[in-house]
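Just below is one structure, and these are the notes that go with it.
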Amino acid sequence: MVIDPSMESPRRPAGRDHFSLDLATDLSQVGEVVEAVAACCFAGVTATTRTRFRLCTVVAEAVANAMVYGNGNDPTRRVLVDVELHQDRVVVGVTDEGEGFDPAVVPDPTDDDMLESECGRGIFMIRRLADAVSFNARGNTIWMTLPRC
Amino acid sequence: MTFESSRDPSGVTILTVEGQLIVANRQELKQLVGDALDQGDRKFVLDFDKTAYIDSSGLGALVSINKKVREAGGELRLSGLNEDLSSLFELTKLDTLFVIADSATEALAGF
């Protein structure tokens with residue numbers, strides 16, 4: 001996994017507290033992406049098991065969503081993972097090349113009629129595991145704030 | 001290898017999930033259980049003692065596998081969920097869909 005700390009972020013210029021991953025749409029790479037992001041986020045800090053679990057889960061979720069629902073599994077479309085490192089927290093942005101979606105109309109997967117559905121839990125899980133979640137107006141970028149230790 | 005398969009002397013198929021259950025490997029797990037069902041296996045334990053995290057597609061795969069096993073007249077039990085994974089099942093209310101044991105040994109004892 002190549003991490004490019006010099007890549008220009010759509011939100012802010014690159015710096016030593018920032019890194020980006022520019023990915024092809026390839027679901028087989030999701031696990032490796034998660035490991036790479038976690039390694040960078042937790043380098044030099046003592047993160048709890050819970051903190052690692054939360055970061056790994058939401059990054060896996062957001063990257064997979066971007067590839068499947070955003071990019072429609074089109075291998076020519078890219079996913080940008082943009083990470084800001086702060087002393088006590090990390091902000092992870094994931095952007096796809098899709099049309100975006102309206103996060104306000106995502107159904108609740110814990111409703112009785114949704115409980116045995118195979119899909120539809122991703123955004124719900126991210127919202128509950130991250131400290132803060134926001135989207136751009138188009139709905140093709142998600143930002144997630146998580147603790148770093 | 002992300003899945004380790006074994007068979008208990010009593011005929012229960014035990015599948016251990018190593019590392020993570022996510023979009024990249026969920027299909028492999030579904031295939032493993034599907035093949036075992038085709039071979040006549042009906043009792044399954046999925047053990048997560050060596051699992052670090054599960055994403056929503058992994059949870060979805062478990063829902064799908066549970067349905068298939070049930071429709072075939074079988075039974076699926078989960079085991080070895082750590083505190084983080086247990087909380088994930090609770091917040092998604094999937095703890096109400098599955099039989100969950102503390103360990104594979106306990107899951108096997110219940111069959």
One option among A/Ile126, A/Leu27, A/Val58 has the most heavy-atom pairs under 4.5 Å with chain B, and it is A/Leu27
Rounded to the nearest 0.5 angstrom, the CG-CG distance for A/Leu129 and B/Leu88 is 6.5 Å
Excluding B/Leu108, membership of its hydrophobic cluster (Ile, Leu, Val, Met, Phe, Trp, Tyr; side-chain heavy atoms within less than 4.5 Å) reads B/Val12, B/Ile14, B/Val45, B/Phe111
ask   = Under 4.5 Å between side-chain heavy atoms, hopping through other hydrophobics if needed: is there a path connecting B/Phe98 to B/Ile54?
value = yes
Applying a strict under-4.5 Å side-chain criterion to I, L, V, M, F, W and Y, I'd like to know whether A/Met114 and A/Phe124 cluster together. no
So if you build clusters from Ile, Leu, Val, Met, Phe, Trp, Tyr with side-chain heavy-atom gaps below 4.5 Å, do B/Ile100 and B/Val17 land together? yes
Cut-off 4.5 Å, heavy atoms of chain A, and the answer for B/Leu62 is neither
| query | In terms of hydrophobic clustering (I, L, V, M, F, W, Y; side-chain heavy atoms under 4.5 Å; direct or indirect links), are B/Val99 and B/Phe44 co-clustered? | reply | no
Heavy-atom closest pair (A/Ala60 atom, B/Ile22 atom, distance to 0.1 Å) is CB-CG2, 4.4 Å
The interface call for B/Leu97 against chain A, heavy-atom contacts under 4.5 Å, is side chain
Would you enumerate the inter-chain donor-acceptor pairs between chain B and chain A whose distance is below 3.5 Å?
unit_1	atom_1	unit_2	atom_2	d
B/Lys30	NZ	A/Glu118	OE2	2.7
B/Ser56	N	A/Glu61	OE1	2.7
B/Ser56	OG	A/Glu61	OE1	3.4
B/Ser56	OG	A/Glu61	OE2	2.3
B/Lys67	NZ	A/Glu116	O	3.0
B/Arg70	NH2	A/Glu116	OE1	3.1
B/Asp84	OD1	A/Arg50	NH1	3.2
B/Ser87	OG	A/Arg50	NH1	3.2

